[in-house]
Undergrad: 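Sharing a structure below in structure tokens format, with a few things to ask.
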Amino acid sequence: MNVFRQQLLELWERGAKRHALDRALLLLAEMRPGEPLQQLADVSIGERDLALLDWYGMHFGRYLLAYIDCPACSTRLEFSLDSEALRSQSTPACLEVDGIQLRLPTSQDLKLALGQSDLDASIRCLALRCIVSKQGKPESELTMDEIARIETVLAKADSAADILLDFACTQCGHTWQGALDIADFLWSEIDAQAVQALDEVHLLARAYGWSERDVLSLSDARRAAYIDRVTA
């Protein structure tokens, strides 16, 4: 039986209606089964994303295949990324800026930051959440410049959580940078594979009266052969 396709559909079903952060934790739980949800929510974003890269590599291969549309001329550009090249160096458990001790942000931190009223409030919330200790200065007295420096230090320290890619359009020559959200990229791949599996089940169930389990049990080669006959 093609166990992975069955597991992938079940994973897709559980995550389809969830918030992106909750989906990322759902995927992390696949790599670290048995760990409590709160413990997973306290894993740094960079550590989480590296685990998701491992999950991707186990099931889809080392290279991430994707596309992006040029913002200048809308030409679609296909590209691939080596997951090994996306791995960051190990980072210290605690960081410091202006005498303020920091830790790396977690999924729980991001969830609370995203719930703020505007971007500045979100940035401030995330920075304050990551403060471990400070030298006597009240949080209310931290300036936006200090908050910005904290944000910069956190981004540099956990580069796996803030990946920027350089792009150049082969059609018009436009160059730009784009962020890679590993969790979102992985979910997009899962969603595409799940939709394809559902379409194949629908087609073969109508043609032969097979159950979903019957279709998913077929090897890739046999399933493709039956689909060729149905669509011929």
Side-chain angles (χ1 to χ4, degrees), residues 3-62 64 81 83-97 100-116 121-134 139 142 147 150-163 179-191 193-194:
V3 176
F4 173 64
R5 284 171 65 86
Q6 181 68 51
Q7 292 175 337
L8 185 142
L9 272 179
E10 292 173 356
L11 183 62
W12 172 81
E13 184 178 19
R14 285 155 52 201
K17 300 299 183 181
R18 298 193 186 194
H19 186 278
L21 284 173
D22 294 328
R23 285 202 298 258
L25 289 177
L26 177 66
L27 296 175
L28 181 60
E30 291 292 306
M31 286 298 294
R32 298 165 68 163
E35 290 192 31
L37 180 61
Q38 184 56 53
Q39 186 172 325
L40 295 176
D42 288 335
V43 170
S44 76
I45 298 301
E47 182 182 347
R48 180 202 72 183
D49 286 354
L50 290 177
L52 298 189
L53 277 177
D54 289 338
W55 196 95
Y56 184 94
M58 288 170 55
H59 298 292
F60 301 126
R62 173 173 172 173
L64 284 66
L81 298 171
S83 61
E84 291 301 315
L86 297 176
R87 294 182 172 279
S88 65
Q89 299 295 320
S90 60
T91 56
C94 194
L95 308 163
E96 182 177 338
V97 56
I100 300 172
Q101 299 294 320
L102 306 168
R103 60 167 175 77
L104 297 175
T106 68
S107 296
Q108 183 66 21
D109 298 327
L110 282 186
K111 184 174 184 179
L112 292 173
L114 291 173
Q116 301 303 305
S122 294
I123 293 173
R124 186 177 184 84
C125 174
L126 185 60
L128 295 181
R129 288 273 306 176
C130 293
I131 292 176
V132 176
S133 66
K134 50 191 180 301
E139 293 179 355
L142 289 177
I147 294 294
I150 291 174
E151 181 187 22
T152 299
V153 168
L154 291 175
K156 288 182 178 179
D158 203 6
S159 57
D162 189 21
I163 298 174
L180 172 66
D181 185 328
I182 293 173
D184 183 64
F185 179 90
L186 177 54
W187 185 258
S188 294
E189 184 68 26
I190 290 172
D191 183 68
Q193 296 261 354

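Sequential numbering from 1 along the given sequence is applied to the chain's residues. If you're wondering where the values come from, they're calculated on a predicted model, not measured in any experiment.
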Undergrad: Okay, side chain of R23, backbone of R18: is any donor-acceptor separation there less than 3.5 Å?
TA: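 A pair under 3.5 Å: yes.
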
Undergrad: With E10 as reference, evaluate Q7, Q6, R14 under the side-chain hydrogen bond (donor to acceptor under 3.5 Å, both in side chains) test and give the passing residue.
TA: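 By the side-chain hydrogen bond (donor to acceptor under 3.5 Å, both in side chains) criterion, E10 pairs with just one of Q7, Q6, R14: Q6.
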
Undergrad: How close do S122 and A113 get, heavy atom to heavy atom, and via which atoms?
TA: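 Smallest interatomic distance, heavy atoms only, reads OG-O, 2.7 Å.
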
Undergrad: Ring-plane angle category for Y56 and F185, please: parallel below 30°, perpendicular beyond 60°, tilted otherwise.
TA: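 Correct class here is tilted.
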
Undergrad: Closest heavy-atom contact between I147 and R124?
TA: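 Nearest heavy atoms, I147 then R124: CG1-NH1, 3.7 Å.
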
Undergrad: Just how far is it from atom CD1 of I190 to atom NE2 of H59, taken to the nearest 0.5 Å?
TA: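 Reported value, rounded in 0.5 Å steps: 8.5 Å.
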
Undergrad: Determine, step by step, whether K156 and L95 satisfy the side-chain contact (heavy atoms from CB on, under 4.5 Å) criterion, reporting the C-alpha distance in whole Å, the side-chain angles of both residues, the deciding distance to 0.1 Å, and the verdict.
TA: CA-CA 11 Å; K156 288 182 178 179; L95 308 163; over 6 Å; no

Undergrad: What's the separation between atom CG in D191 and atom CG in L8, rounded to the nearest 0.5 Å?
TA: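 Interatomic distance, D191 CG to L8 CG, rounded to 0.5 Å: 9.5 Å.
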
Undergrad: Would you call L102 and V132 a side-chain contact if the rule is heavy atoms closer than 4.5 Å?
TA: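 Not in contact.
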
Undergrad: For W187 and A16, work out which heavy atoms get closest and say how close.
TA: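 Scanning both residues, the minimum pair turns out to be CZ2-N, 3.7 Å.
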
Undergrad: List the atom of L154, the atom of R103, and the distance in Å for their closest heavy-atom pair.
TA: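 Shortest heavy-atom contact: CD2-O, 3.3 Å.
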
Undergrad: Any non-hydrogen side-chain atom of L25 less than 4.5 Å from a side-chain atom of K111?
TA: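 No, their side chains stay 4.5 Å or more apart.
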
Undergrad: Side chains of E47 and L104, heavy atoms from C-beta outward: is any pair under 4.5 Å?
TA: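 No. Closest side-chain heavy atoms not under 4.5 Å.
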
Undergrad: Of all the heavy-atom pairs spanning L9 and A194, show the shortest one and how long it is.
TA: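 For L9 and A194, the tightest heavy-atom pair comes out as CD2-O, 3.7 Å.
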
Undergrad: Establish, from distance only, whether the side-chain atoms of D109 and T106 form a donor-acceptor pair under 3.5 Å.
TA: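 T106 and D109 do have a side-chain donor-acceptor pair below 3.5 Å.
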
Undergrad: Taking the side chain as every heavy atom from C-beta outward, state whether I150 and C130 have any pair of such atoms under 4.5 Å apart.
TA: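 No - every pair of side-chain heavy atoms lies 4.5 Å or more apart.
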
Undergrad: Restricting to side-chain hydrogen bond (donor to acceptor under 3.5 Å, both in side chains), what partner residues turn up for D184, sequence neighbours left out?
TA: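 Once residues adjacent in sequence are excluded, D184 has no partner under the side-chain hydrogen bond (donor to acceptor under 3.5 Å, both in side chains) criterion.
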
Undergrad: Under 6.0 Å from the CD atom of E84, do we count more than 12 heavy atoms belonging to anything else shown?
TA: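 It does: E84 CD has more than 12 such atoms within range.
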
Undergrad: Got a second to check how far L64's CG is from S188's OG, nearest 0.5 Å?
TA: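 Atom-to-atom, L64:CG and S188:OG are 11.0 Å apart.
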
Undergrad: Identify which one of L81, I182, D49 satisfies the side-chain contact (heavy atoms from CB on, under 4.5 Å) criterion when paired with I163.
TA: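 Among L81, I182, D49, the one that satisfies the side-chain contact (heavy atoms from CB on, under 4.5 Å) with I163 is I182.
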
Undergrad: Going by heavy atoms in the side chains, are S107 and V43 under 4.5 Å from each other?
TA: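 When only atoms from C-beta onward are counted, V43 and S107 do not touch, as no gap falls below 4.5 Å.
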
Undergrad: Can you tell me how far apart CZ (R129) and CG (L126) are? Round to the nearest 0.5 Å.
TA: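 Result: 9.0 Å between the selected atoms.
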
Undergrad: Is the closest side-chain heavy-atom distance between L11 and L27 below 4.5 Å?
TA: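 Yes, close enough: below the 4.5 Å cut-off.
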
Undergrad: What's the separation between atom NZ in K17 and atom CG in D22, rounded to the nearest 0.5 Å?
TA: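 One gets 14.5 Å once the value is rounded to the nearest 0.5 Å.
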
Undergrad: What is the ring orientation for W55 with F4, classed by angle as parallel under 30°, tilted 30 to 60°, or perpendicular over 60°?
TA: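 Tilted: the ring planes of W55 and F4 meet at 30° to 60°.
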
Undergrad: Hey, could you give me the CD1/CG distance between I123 and L128, rounded to the nearest 0.5 Å?
TA: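 The distance works out to 11.5 Å.
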
Undergrad: Tell me, do L114 and H19 make a side-chain contact under 4.5 Å, heavy atoms counted?
TA: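 Sidechains of H19 and L114: in contact.
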
Undergrad: Can you give me the closest heavy-atom contact between A24 and L52, atom names plus distance?
TA: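 It is O-CD2, 4.2 Å.
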
